[in-house]
Participant: 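Below are the structure tokens for one structure; questions will follow.
In this text, all values refer to a predicted model and were calculated from it rather than measured experimentally.
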Amino acid sequence: MAATILATTAVPAGLRTGSLTSCSGRCDISSLKYTSFGAPKYTRRARGGSVRCEGIRETVDKATKKEITKEEILQNQETNQSEKQSVFGAVPTSGSFYPRPEVERRPETGEKSLGSLFAFDGAAPETINGRLAMIGIVWAAVAEKMSGLTVFDQLYTQGTGLVYYVALVPLIAYASIVPMLNGESTDARSSGPFTARAERWNGRLAMIGFLSLLLTESFIHAPVFAKFF
């Protein structure tokens, strides 16, 4: 007995639909057309003609990330004068505590343990301290203008500043260390004027500035930003 299958599809307005299909006798269900809900906003055609989604993370990586190879690190290690000796004049030696060769201390090619990253010449200490100092110097300037209190008074006398500080330190440390554990240093990211070199110099200046602020306020017993600016 001949069997007739009539495929009908009812869909909301705005969705793409295939044509209605009718077949008699034996019908291959896989040949029936179905409703398509549209492709994601970000797509890219891969090899073989297949289409895969491109998420936010991949889009950001494509715009800001660059791969740093071992060959580039070794070349910089050989040609950069600052990599041939430390600030104390010591020559980097493989396997030593300090200083280590660049290829051993970088997250891309070196050991990715917390001990290695937080070593004296590791990638983490300067990065985390610099970021905290940049946030701290801006916070100090705004808070002192608003409250008229020194940094010490905000942290220990008033009390609320210490709560914010305790909450901020692990947050910045975690956000900084996760990319390093995945083998990515700060040099791997850049966007316009926002480069690792600019961040390092701004962080160093902020660390010096924040320490100078604390020392100055300990002598004059007054908030610097509220008194002089």
Participant: Mind checking whether Asp61 and Arg189 have side chains closer than 4.5 Å, heavy atoms only?
Facilitator: yes

Participant: Between Arg200 and Asp187, is there a salt bridge with N-O shorter than 4.0 Å?
Facilitator: yes

Participant: Would a distance-only check, ignoring hydrogens and angles, find a side-chain to backbone donor-acceptor pair under 3.5 Å from Glu72 to Thr69?
Facilitator: yes

Participant: Does any part of the side chain of Thr216, heavy atoms only, come nearer than 4.5 Å to the side chain of Phe228, both counted from C-beta?
Facilitator: no

Participant: Would the distance check show the side chain of Gln77 and the main-chain N or O of Val103 forming a donor-acceptor pair, the cut-off being under 3.5 Å?
Facilitator: yes

Participant: Using modelled atom types and a 3.5 Å cut-off, is there a donor and acceptor pairing between side-chain atoms of Asp121 and backbone atoms of Arg100?
Facilitator: yes

Participant: From Leu181 CG over to Leu114 CG, what is the distance, rounded to the nearest 0.5 angstrom?
Facilitator: 5.5 Å

Participant: Go through the steps to decide whether Glu217 and Asp153 satisfy the test side-chain contact (heavy atoms from CB on, under 4.5 Å), and finish with yes or no.
Facilitator: CA-CA 10 Å; Glu217 291 183 347; Asp153 290 334; over 6 Å; no

Participant: Is there a path from Leu214 to Leu168 through hydrophobic residues (I, L, V, M, F, W, Y) whose side chains come within less than 4.5 Å of each other?
Facilitator: yes

Participant: Locate the shortest heavy-atom distance separating Gly55 from Thr59; write the atom from each residue and the value.
Facilitator: O-OG1, 2.8 Å

Participant: Glu102 side chain to Glu83 main-chain N or O, any donor-acceptor pair under 3.5 Å?
Facilitator: no

Participant: Taking all non-hydrogen atoms of both residues into account, name the closest pair between Glu108 and Ile68 and its distance.
Facilitator: OE2-CD1, 3.6 Å

Participant: State which residue, out of Leu215, Leu213, Ile208, fulfils the side chain to side chain contact (heavy atoms under 4.5 Å, CB included) condition with Leu211.
Facilitator: Leu215

Participant: Which heavy atom of Ser96 sits nearest a heavy atom of Thr93, and at what distance?
Facilitator: OG-O, 2.7 Å

Participant: State, with a plain yes or no, whether a side-chain heavy atom of Val138 is found less than 4.5 Å away from one of Met134.
Facilitator: no

Participant: Please assess Thr109 against Glu104 for the test side-chain hydrogen bond (donor to acceptor under 3.5 Å, both in side chains), listing each intermediate value before the final yes or no.
Facilitator: CA-CA 6 Å; Thr109 53; Glu104 292 185 11; over 6 Å; no

Participant: Calculate, to the nearest 0.5 Å, the distance between atoms CG and CD1 belonging to Asn182 and Ile177 respectively.
Facilitator: 10.5 Å

Participant: Taking the side chain as every heavy atom from C-beta outward, state whether Ser86 and Phe88 have any atom pair closer than 4.5 Å.
Facilitator: yes

Participant: About how many Å separate CD1 of Ile73 and CD of Gln75, when rounded to the nearest 0.5 Å?
Facilitator: 11.5 Å

Participant: Between Gln154 and Leu149, is there a donor-acceptor pair closer than 3.5 Å when you use the side chain of the first and the backbone of the second?
Facilitator: yes

Participant: According to a 4.5 Å side-chain heavy-atom criterion applied to Ile, Leu, Val, Met, Phe, Trp and Tyr, with indirect links allowed, do Val166 and Phe210 form part of one hydrophobic cluster?
Facilitator: yes

Participant: For the backbone of Lys112 and the side chain of Ser116, can you confirm whether one donor and one acceptor N or O come within less than 3.5 Å of each other?
Facilitator: no

Participant: Can you name the closest pair of heavy atoms from Pro125 and Ala119 and give their distance?
Facilitator: CG-O, 3.4 Å

Participant: Nearest 0.5 Å please: distance from the OG atom of Ser176 over to the CG atom of Leu171.
Facilitator: 9.0 Å

Participant: Mind listing the closest non-hydrogen atom pair of Pro92 and Lys84 along with its distance?
Facilitator: CD-O, 3.2 Å

Participant: Under 3.5 Å, is there a donor-acceptor pair between the side chain of Glu184 and the main chain of Pro107?
Facilitator: no

Participant: Please tell me if the side chains of Phe152 and Ser218 come closer than 4.5 Å, counting only heavy atoms from C-beta onward.
Facilitator: no

Participant: Hydrophobic cluster membership, with links at side-chain heavy-atom distances under 4.5 Å among I/L/V/M/F/W/Y: are Val169 and Ile128 in one?
Facilitator: yes

Participant: Taking everything shown except Phe120 itself, do over 12 heavy atoms lie less than 6.0 Å from its CZ?
Facilitator: no

Participant: Determine whether more than 12 heavy atoms belonging to other residues, nucleotides or ligands lie under 6.0 Å from atom OH of Tyr165.
Facilitator: no

Participant: Looking at every heavy atom in both Trp139 and Leu155, which two are closest together, and how far apart are they?
Facilitator: CH2-CD2, 3.8 Å

Participant: At what distance, to the nearest 0.5 angstrom, does NZ of Lys65 lie from CD of Glu58?
Facilitator: 11.0 Å

Participant: Using a strict 4.0 Å threshold on nitrogen-to-oxygen distance, state whether Lys227 and Glu144 make a salt bridge.
Facilitator: no

Participant: Taking the side chain as every heavy atom from C-beta outward, state whether Thr64 and Phe194 have any atom pair closer than 4.5 Å.
Facilitator: no

Participant: Between Thr195 (side chain only) and Ala198 (backbone N and O only), is there a donor and an acceptor less than 3.5 Å apart?
Facilitator: yes

Participant: With salt bridge (charged side-chain N to carboxylate O under 4.0 Å, His left out) as the criterion, how do Glu199 and Arg131 come out once you've worked through the C-alpha distance, each side chain's angles and the decisive distance to 0.1 Å?
Facilitator: CA-CA 8 Å; Glu199 182 185 28; Arg131 290 172 178 175; 2.5 Å; yes

Participant: Starting from Trp201, can I reach Ile135 by hopping between I/L/V/M/F/W/Y residues whose side chains sit under 4.5 Å apart?
Facilitator: no

Participant: Could you grab the distance from atom CG of Asn129 to atom CD1 of Ile172, nearest 0.5 Å is fine?
Facilitator: 11.5 Å

